[in-house]
Q: 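Could you have a look at this structure, given as structure tokens, before my questions?
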Amino acid sequence: MSRNTIEEKNLTPRQVVEALDKYIVGQSEAKRSVAISLRNRWRRLNSEADIRDEIVPNNILMIGPTGVGKTEIARRLAKLAHAPFIKVEASKFTEVGYVGRDVESMIRDLVDIAVNMVRQEMQERVREKAEAIVEERVLDILIPPIRKKKTTAASAESEDFDPETASDAELNERTREKFRDKLKAGELEDRKIEIEVSAKKKPMMQVFGPQGVEEMGINLQDMLGNLTRGGRKVKRSMPISEAREHLLEEESEKLIDHEAAIQEALDRVQNQGIVFIDEIDKVADSGNSGGARGADVSRQGVQRDLLPIVEGSTVSTRNGLVRTDHILFIGSGAFHMSKPSDLIPELQGRFPIRVELNSLTEDDFVDILTKPKNALTKQYQAMLRSEGVEIEFTDDAIREIARIAAQVNEQVENIGARRLHTILSSLLEELLYVVPDDINTGEITIDKDYVDRQLKDLAMDKDLSHYIL
């Protein structure tokens, strides 16, 4: 069993919360819950072997309106653990027998994500060796080698080298070494060479339908993919800088052990995978559907199909069988029209940890605009800095933006922190348009007066704010 990804970080619950605080404002209860769940995984993997398989994860149900940080908490948690992560929407699934995606597809997709993740890691480990091979391949294209005797390189580098008496092989090797130095110095990056690349024209196939049919579609896609994989090659002319990336990917693929990558990915999914099931409230039966029983039956059917996956079962994927017993499932929903108790009792029992996320206030918006490492204001500053323009937001401007966001959320529709995206986009639209044509250097201060000029009329006009903000 591979434990390196968790043990490398070995984060305590408090350290996980501190890491999440850098990107997510508030929601301390939800952060504590996911931090404990993450640490419990490390504890399980380091417990006695005879009880390790008996320890099951405590799945979490996050309850709260949109835009308060539910998805971001789960996504950041997966990055901290370097774990395979997938977000799915429960409303996109249908029960077995209906046309649409079955719930097992989320595990198949998770395995694909894990395989790609492990392959990239393995490629990084062999990158140095692959780069040396690529260098030789590029030199072979620029200066095709003349193979005669092994002492050629030594004689070509010797001080008493005489081009008049040197053999063709010695001259060739000396020229190659000069070009090697130029390559390493980056002097030939724009020079075009012709290489063979795979004609990536894989068939697209996705089959929806009753259980087994989607798997049949996967198997057909694999079979057809194998026919094209490693098959037809086409010649393309491109700069050495671009060709190097193509060749590096090709050589890295040759150096890694694909079977080991698949086994590592399966192990990582089974022990560290995280599945975030959004809109789980949409498949709950609120009991207020009146005569629309067909939709209720379908929703309950999705819940019953979800149950064995969350409970722990074996799912067949194109890379092998996957047990879901120790995958962490995080359910999420606003639960405006339904309650968690509207889920079928068996599924409720599989999400024992429940946390309610709070709606965001004006003060929260101020913190969101200033504190996180990826705050929106910092993102816009970075983008405009690339044009040579520095922008600064005053404290009263930040407060005014936060006030307008809270006001529009209250009057129109509460979409949480996502409201800040639309407000800042409208606020800076004129500035983003004139840079760099009219303004290409200098400092610009965004103060409360600027915010009022750009947004006051818009925010007060409820019809416009409904569509624009």
Q: Could you check whether atom CZ of Arg180 has more than 12 heavy atoms from other residues, nucleotides or ligands sitting under 6.0 Å from it?
A: yes
Q: Answer yes or no: is there a side-chain heavy-atom contact under 4.5 Å between Ile274 and Arg41?
A: yes
Q: Could you tell me whether the side chain of Lys282 and the main chain of Gly333 form a donor-acceptor pair under 3.5 Å?
A: no
Q: Evaluate the side-chain proximity of Arg75 to Glu72: yes if any heavy-atom separation is below 4.5 Å, no if none is.
A: yes
Q: With sequence neighbours left out, write down each residue that passes side-chain hydrogen bond (donor to acceptor under 3.5 Å, both in side chains) with Arg191, or none if nothing qualifies.
A: none
Q: So, do Leu80 and Gln15 sit near enough that their side-chain heavy atoms are less than 4.5 Å apart?
A: no
Q: Given Glu189 and Arg244, is the salt bridge (Lys or Arg N to Asp or Glu O under 4.0 Å) satisfied, shown in steps?
A: CA-CA 9 Å; Glu189 294 299 286; Arg244 186 184 287 108; 2.9 Å; yes
Q: Can you tell me if Ser425 uses its side chain to pair, donor with acceptor, with the backbone of His421 under 3.5 Å?
A: no
Q: Tell me the closest heavy-atom pair linking His326 and Gln270, and the distance in Å.
A: CB-O, 3.3 Å
Q: Is Thr324 reaching over with its side chain to a backbone N or O of Ser313, donor-acceptor style, under 3.5 angstrom?
A: yes
Q: To the nearest 0.5 angstrom, please state how far the CD atom of Glu264 sits from the CE atom of Met122.
A: 6.5 Å
Q: Run the salt bridge (Lys or Arg N to Asp or Glu O under 4.0 Å) check on Arg14 and Glu18 step by step: do they pass?
A: CA-CA 6 Å; Arg14 184 175 283 110; Glu18 288 172 355; 5.3 Å; no
Q: Could you check whether any side-chain N or O of Lys371 sits under 3.5 Å from a backbone N or O of Val366, counting only pairs where one atom can act as donor and the other as acceptor?
A: no
Q: Could you tell me which non-hydrogen atom of Pro57 sits nearest to which non-hydrogen atom of Ile327, and how far apart they are?
A: CG-O, 3.5 Å
Q: Give the minimum heavy-atom separation between Phe329 and Asn59, together with the two atoms involved.
A: N-OD1, 2.9 Å
Q: For Pro65, does its backbone N or O pair with a side-chain atom of Lys70 as donor and acceptor, under 3.5 Å?
A: yes
Q: Is Asp190 atom CG crowded by more than 12 heavy atoms from other residues, nucleotides or ligands, each under 6.0 Å away?
A: no
Q: What I'd like to find out is whether the side chain of Ile256 reaches to under 4.5 Å of the side chain of Glu253, using heavy atoms alone.
A: yes
Q: Is any side-chain heavy atom of Gln27 less than 4.5 Å from a side-chain heavy atom of Leu360?
A: yes
Q: Nearest 0.5 Å, what's the CG-CG distance between Leu306 and Asp102?
A: 10.5 Å
Q: Answer yes or no: is there an ion pair linking Glu251 with Lys254, defined by an N-O contact shorter than 4.0 Å?
A: yes
Q: What do the steps show when you test Arg39 against Leu11 for side-chain contact (heavy atoms from CB on, under 4.5 Å), and what is the final call?
A: CA-CA 7 Å; Arg39 184 65 181 185; Leu11 297 173; 5.8 Å; no
Q: State whether Glu135 and Arg176 are salt-bridged, where the test is any N-O pair (Lys NZ or Arg NE/NH1/NH2 against Asp/Glu carboxylate O) under 4.0 Å.
A: no
Q: Pairs of donor and acceptor atoms involving the side chains of residues 428-438, under 3.5 Å and at least two apart or interchain, shall be tabulated with distances.
A:
from	atom 1	to	atom 2	distance (Å)
Glu430	OE1	Gln454	NE2	3.3

Q: One pair to check against side-chain contact (heavy atoms from CB on, under 4.5 Å): Leu255 and Ile133. What are the steps and the verdict?
A: CA-CA 11 Å; Leu255 290 171; Ile133 297 172; 4.3 Å; yes
Q: List the steps and the verdict of side chain to side chain donor-acceptor pair (under 3.5 Å) for Asn116 and Arg119.
A: CA-CA 5 Å; Asn116 289 333; Arg119 278 180 178 161; 4.6 Å; no
Q: Test side-chain contact (heavy atoms from CB on, under 4.5 Å) on Arg43 and Ile55 and set out the steps.
A: CA-CA 10 Å; Arg43 291 164 177 154; Ile55 302 173; over 6 Å; no
Q: Quick check for you: to the nearest 0.5 Å, what is the distance between Leu376 atom CG and Thr370 atom OG1?
A: 11.5 Å
Q: Got more than 12 heavy atoms from elsewhere within 6.0 Å of CG, Asp395?
A: no
Q: Heavy atoms only: give me the nearest Pro13-Ala35 pair and the separation to one decimal.
A: O-CB, 3.4 Å
Q: Would one find more than 12 heavy atoms of other residues, nucleotides or ligands at under 6.0 Å from atom CD of Glu194?
A: yes
Q: Show the nearest heavy-atom pair for residues Gly331 and Phe351, with the distance to one decimal.
A: N-CE2, 3.5 Å
Q: Once you round to the nearest 0.5 Å, how far does NZ of Lys87 lie from CG of Asp109?
A: 14.5 Å
Q: Just wondering, do Gln381 and Phe393 contact through their side chains at under 4.5 Å, heavy atoms?
A: yes
Q: For Thr175, enumerate each residue passing the side chain to side chain contact (heavy atoms under 4.5 Å, CB included) test, keeping only those at least two apart in sequence or located in another chain.
A: Ile143, Phe179
Q: Could you check whether Arg318 pairs with Asp112 (Lys NZ or Arg NE/NH1/NH2 to Asp/Glu carboxylate O, under 4.0 Å)?
A: yes
Q: Once you round to the nearest 0.5 Å, how far does OG of Ser91 lie from CD1 of Ile280?
A: 11.0 Å
Q: Does any N or O in the side chain of Arg385 come within less than 3.5 Å of the main-chain N or O of Glu390, such that one atom is a donor and the other an acceptor?
A: no
Q: Heavy atoms, side chains only, cut-off 4.5 Å: are Leu424 and Leu369 in contact?
A: yes
Q: For Leu357 versus Gly69, what's the shortest heavy-atom pair and its separation?
A: CD2-C, 4.3 Å
Q: For the residue pair Val322 and Leu110, establish whether any side-chain heavy-atom pair is separated by less than 4.5 Å.
A: no
Q: Starting at CD of Glu311, measure out to CG of Leu347 and round the result to the nearest 0.5 Å.
A: 10.0 Å
Q: After noting the C-alpha distance and the side-chain angles of Val355 and Arg32, does the key distance pass the side-chain contact (heavy atoms from CB on, under 4.5 Å) rule?
A: CA-CA 10 Å; Val355 290; Arg32 284 171 60 94; over 6 Å; no
